[in-house]
Trainee: 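Let me give you the structure first, and then I'll get to my questions.
Any value given below was found using the heavy atoms of this structure, including those in side chains, with hydrogens, waters and symmetry copies removed. When a residue number appears, it is its place in the shown sequence, counting from 1.
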Amino acid sequence: MAEQGALSLKLGKINSLGLGAPFLVLMILAMMVMPLSPFILDMLFTFNISLSLVIILAVVYSKRPLEFASFPTVLLIATLLRLSLNVASTRVVLLHGHNGPDAAGKVIQAFGDFVVGGNYTVGFVVFIILVVINFVVVTKGAGRISEVSARFTLDALPGKQMAIDADLNSGLINQEEAIARRTNIAQEADFYGAMDGASKFVRGDAIAGILILIINIIGGLAIGTLQHDLPIAEAARIYVLLTIGDGLVAQVPSLLLSTAAAIIVTRVSSEEDMGEQILLQLFKDPKTLAVTAGLMCIMGLIPGMPNFVFLSLAAIAGGAAYLQYQSQFEEKVETEQVPEPPPVHEERELNWDDVVVVDQIGLEVGYRLIPMVDREQGGQLLSRIKGVRKKLTQELGFLLPSIHIRDNLDLEANSYRISIKDTIVAKAEVHPDSELAINPGQVFGKLPGTASKDPVFGLEAVWIDTNLHDQAQTYGYTVVDAGTVIATHMSQILQDHAYELLGHREVQELLDRFSKTAPKVIDEIIPKIIPLGVVVKVMQNLLRENIPIRDVRTIIETLVEHSSRTTDPDMLSAAVRIALGRLIVERVAGPEDDIPVITLDFSLEQLLQQSLQTMSEGAGTIEPGLSQKMLKSLNEYCEKQEINGQPAILLVPDNLREFMARMVRQNIQRLNVLSFGEIPGNRQLKIVSVVGAEAT
């Protein structure tokens, strides 16, 4: 068994390399032309029997024939393997049979001695019976069924194709389901056609077994008497016994494979495997078992019959019938006790009111957070969120959609989650009866409580009891209540996703409001000069980088000025940013005259511009190692600026700004990327670092 397991492991490794089939073919050819030792023959005969058992069990447990669609190929390979073993064992028997019954290995000797009791006459009779069963009964019947099944399947193929087309045209199935069904019936036709041919292999294998037996007996007697000077009786005893043992070793796997072929072509597709299907259909009606029990009991009472055996089987069948009847009676009672469903009222016709509108902004809370949004219970969260919406509407320059707040019992008790357009973008957990002490980076003591993190900035924090509020502030913590945590988190999410909330409707509202002061301007510009979609995209690009769109006049005038040269939203967005330069710089750097910035080394700028040029031509990209080093340097710069309490600003040429902004947007969100054109003339630049040599 250890040797067989090692062989299986080696075959598995070979097959994983894609060499399984070629290796098996070479092994079959090698067994036909190369002499094998008795030990190797024992292993291969054992493997052959194991393979046959695996195949027949796979057939038994498959629920429909196509689950084992490779069976015809497996049957062919197993047949060739068995025939090659016959050739190899014949060579050993004829060459070394005169040495005794164990000359061809322990397996053949065992079948010759143990199975047939060492009597070659009995062995010959057993072999003939197995061949008759295999050839006349199993193989012939399976071949006929395969032939008829293949013919019927091919004849029904056009009708099945037409049925699929009809279902597809009527809308009962979609295109993917139609393709799957067509593939299924094509595989079914191929399978039964292959089985029709494969059954001929099994039939030929049975005939070959008889011929090999006769040839081995005649050849063994001739070799034993003429070459080794053995008496005719001794030669017959040795060679016939070895030949019979060899034939039985090959015939048992042959019978198993023939049975597997017969089972798979007689299977009917079902949700149960063969064992479940037979038991369900054979013993479903208890009357079958009851009548059988009665007949067995009558036969058991006849004098001279084996009364004990018949009466015992009658008792077993009667008990099984009673249990089956009880089971069906209980199922019937349970069915009758189930109340009838109420009458189904005719449903009204669907209309557009049944279409569920997607919430632009949603907030779901667990059941322990419900009091925070219930005004009757003193909840202040609703008013805080309204304040957040109002504040952001004024800052960003357009009306944010209403925030739909609802409870969700599927959430954990203290959890909440925020969604944008029915997609969850953030979730966290708060404790309504506690306060969150946030570590801003330097504190002077530890607080007892539940360790957590600030959901907005990811800072280390701890949920503390409310009576520790003053102590936490003394230690340097920033202390907020649960409602403030949720409101702040909502504010951050709305700022980050403001560009998703701005659509054609909101932009049209902005233009309508602006047209009240200059009605003819808007009518002549949009959509005659600039499509509304371009305006929407430009404003979304601004919001994506936290730039308000309150100054509609400057935005529209800039778009008109540059629309004659380009209609590309990204290029127009860059022009608008330059026009809004004072606003952008003030929001990023504050009112101070000096602006601390980091710049790129000249050689690095040239390299990035070359990469940008090749990407615009559809070839090349920035080298990954360079981008990683550059991002690492920029991240270190941001950390230094945060420690010094100064803004993190990267200043680049105008044509690199969009490229660099996209690069750092996913990695260093706190880094602001500005172009030289966006810096107002009254501001002074203070270069605090240069990214160059260390990044290249």
Side-chain angles (χ1 to χ4, degrees), residues 363 365-374 377-389 391-392 395 411-418 425-496 546 587-592 596 632 634-649 667-672 688-689:
L363 173 64
V365 297
Y367 73 89
R368 286 199 62 193
L369 306 185
I370 294 177
M372 297 178 63
V373 297
D374 188 357
Q377 301 185 46
Q380 301 295 323
L381 186 57
L382 280 177
S383 58
R384 292 187 180 183
I385 290 180
K386 285 184 178 180
V388 167
R389 179 175 173 237
K391 177 176 178 293
L392 290 178
E395 288 183 356
L411 289 177
E412 295 184 3
N414 293 331
S415 297
Y416 70 91
R417 62 188 185 190
I418 303 171
V425 295
K427 56 184 178 180
E429 181 178 310
V430 296
H431 297 270
D433 299 328
S434 304
E435 292 183 335
L436 185 65
I438 305 172
N439 183 354
Q442 184 176 5
V443 293
F444 304 100
K446 293 185 178 181
L447 295 172
T450 304
S452 181
K453 283 192 175 182
D454 171 33
V456 180
F457 305 106
L459 299 176
E460 297 294 333
V462 58
W463 286 98
I464 61 174
D465 192 81
T466 54
N467 57 16
L468 297 176
H469 179 95
D470 295 337
Q471 181 180 351
Q473 287 185 331
T474 304
Y475 286 166
Y477 288 90
T478 301
V479 185
V480 293
D481 58 20
T484 302
V485 172
I486 298 177
T488 306
H489 198 184
M490 175 66 75
S491 176
Q492 184 65 37
I493 293 298
L494 293 181
Q495 289 185 63
D496 293 341
N546 295 322
R587 287 178 60 85
V588 172
E592 300 295 332
K632 181 180 179 181
L634 292 174
N635 188 51
E636 293 175 353
Y637 157 72
C638 289
E639 293 177 353
K640 292 179 180 178
Q641 291 298 98
E642 288 180 354
I643 294 174
N644 297 330
Q646 294 181 341
I649 302 173
N667 301 277
I668 316 174
Q669 296 182 357
R670 60 187 183 278
L671 179 61
N672 301 279
V688 296
S689 181

Trainee: Distance from D454 atom CG to I438 atom CD1, nearest 0.5 Å?
Mentor: 4.0 Å

Trainee: Restricting to pairs with a member in residues 434-445, which pass side chain to side chain donor-acceptor pair (under 3.5 Å), not counting sequence neighbours?
Mentor: E435-H469

Trainee: What closest approach, in Å, do L369 and S415 show between heavy atoms, and which atom pair accounts for it?
Mentor: CD1-O, 3.4 Å

Trainee: Calculate, to the nearest 0.5 Å, the distance between atoms CD and CG belonging to Q492 and L392 respectively.
Mentor: 9.5 Å

Trainee: Ignoring hydrogens, what is the shortest heavy-atom contact between L468 and P448? Give both atom names and the distance.
Mentor: CD1-CG, 3.8 Å

Trainee: For I486 versus V430, what's the shortest heavy-atom pair and its separation?
Mentor: CD1-CG2, 4.0 Å

Trainee: Could you list all the salt bridge (charged side-chain N to carboxylate O under 4.0 Å, His left out) pairs where at least one residue sits in residues 436-451, not counting sequence neighbours?
Mentor: none

Trainee: Using the side-chain contact (heavy atoms from CB on, under 4.5 Å) rule, take E429 and E412 through it: C-alpha gap first, then chi angles, then the decisive distance, then the call.
Mentor: CA-CA 9 Å; E429 181 178 310; E412 295 184 3; 3.7 Å; yes

Trainee: For Q471, check side-chain hydrogen bond (donor to acceptor under 3.5 Å, both in side chains) against everything at least two apart and list the hits.
Mentor: Y475

Trainee: Should L411 and R417 be marked as a side-chain contact (heavy atoms from CB on, under 4.5 Å) after you check the CA-CA gap, both sets of side-chain angles, and the distance that decides it?
Mentor: CA-CA 9 Å; L411 289 177; R417 62 188 185 190; 3.8 Å; yes

Trainee: To check you understand the geometry: which heavy-atom pair defines the closest contact between Y416 and H489, and what is its length?
Mentor: OH-ND1, 2.7 Å

Trainee: Check for a donor-acceptor pair, side chain of T474 on one end and backbone N or O of D470 on the other, with a separation under 3.5 Å.
Mentor: yes

Trainee: Would I418 and M490 count as a side-chain contact (heavy atoms from CB on, under 4.5 Å) here? Give the steps.
Mentor: CA-CA 7 Å; I418 303 171; M490 175 66 75; 3.9 Å; yes

Trainee: Which pair of non-hydrogen atoms, one from P455 and one from A428, has the smallest distance, and what is that distance?
Mentor: CB-CB, 3.7 Å

Trainee: On a heavy-atom basis, which atom in I493 and which in A426 lie closest, and how many Å separate them?
Mentor: CD1-CB, 3.7 Å

Trainee: Under a 3.5 Å distance rule, please check whether T488 uses its side chain to pair with a backbone N or O of V485 as donor and acceptor.
Mentor: no

Trainee: Can you tell me how far apart CG (L381) and CG (L363) are? Round to the nearest 0.5 Å.
Mentor: 6.5 Å

Trainee: Cut-off 3.5 Å, no hydrogens considered: what does the side-chain donor-acceptor table look like for residues 458-467, sequence neighbours left out?
Mentor:
unit_1 : atom_1 : unit_2 : atom_2 : d
D465   : OD2    : N467   : N      : 3.2
D465   : OD2    : N467   : ND2    : 3.0

Trainee: Which residues satisfy the side-chain hydrogen bond (donor to acceptor under 3.5 Å, both in side chains) test with E592, sequence neighbours excluded?
Mentor: none

Trainee: Please check if the side chain of N672 supplies one atom and the backbone of A648 the other of a donor-acceptor pair under 3.5 Å.
Mentor: yes

Trainee: With sequence neighbours left out, what residues match D481 under salt bridge (Lys or Arg N to Asp or Glu O under 4.0 Å)?
Mentor: R384

Trainee: With a 4.5 Å heavy-atom cut-off, do V479 and L436 have their side chains touching?
Mentor: no

Trainee: Of all residues at least two apart in sequence or in a different chain, which pass the salt bridge (Lys or Arg N to Asp or Glu O under 4.0 Å) check with K632?
Mentor: none

Trainee: For N635, give me all partners under side chain to side chain contact (heavy atoms under 4.5 Å, CB included), at least two apart in sequence or on another chain.
Mentor: E639, I668, R670

Trainee: For Y477, give me all partners under ring pair (Phe, Tyr, Trp, His ring centres under 6.0 Å), at least two apart in sequence or on another chain.
Mentor: none

Trainee: Can you list the steps and then say if E395 with K391 is a salt bridge (charged side-chain N to carboxylate O under 4.0 Å, His left out)?
Mentor: CA-CA 6 Å; E395 288 183 356; K391 177 176 178 293; 2.7 Å; yes

Trainee: Quick one: side-chain hydrogen bond (donor to acceptor under 3.5 Å, both in side chains) partners of H431, sequence neighbours excluded?
Mentor: none

Trainee: Among all residues two or more places apart in sequence or in another chain, which pass the salt bridge (Lys or Arg N to Asp or Glu O under 4.0 Å) test with D374?
Mentor: none

Trainee: Run the side-chain contact (heavy atoms from CB on, under 4.5 Å) test on V688 and Y637 for me, step by step, so that the C-alpha distance in whole Å, both residues' side-chain angles and the decisive distance to 0.1 Å come before the verdict.
Mentor: CA-CA 9 Å; V688 296; Y637 157 72; 3.4 Å; yes

Trainee: Under the rule for salt bridge (Lys or Arg N to Asp or Glu O under 4.0 Å), what residues qualify as partners of R587, not counting sequence neighbours?
Mentor: none

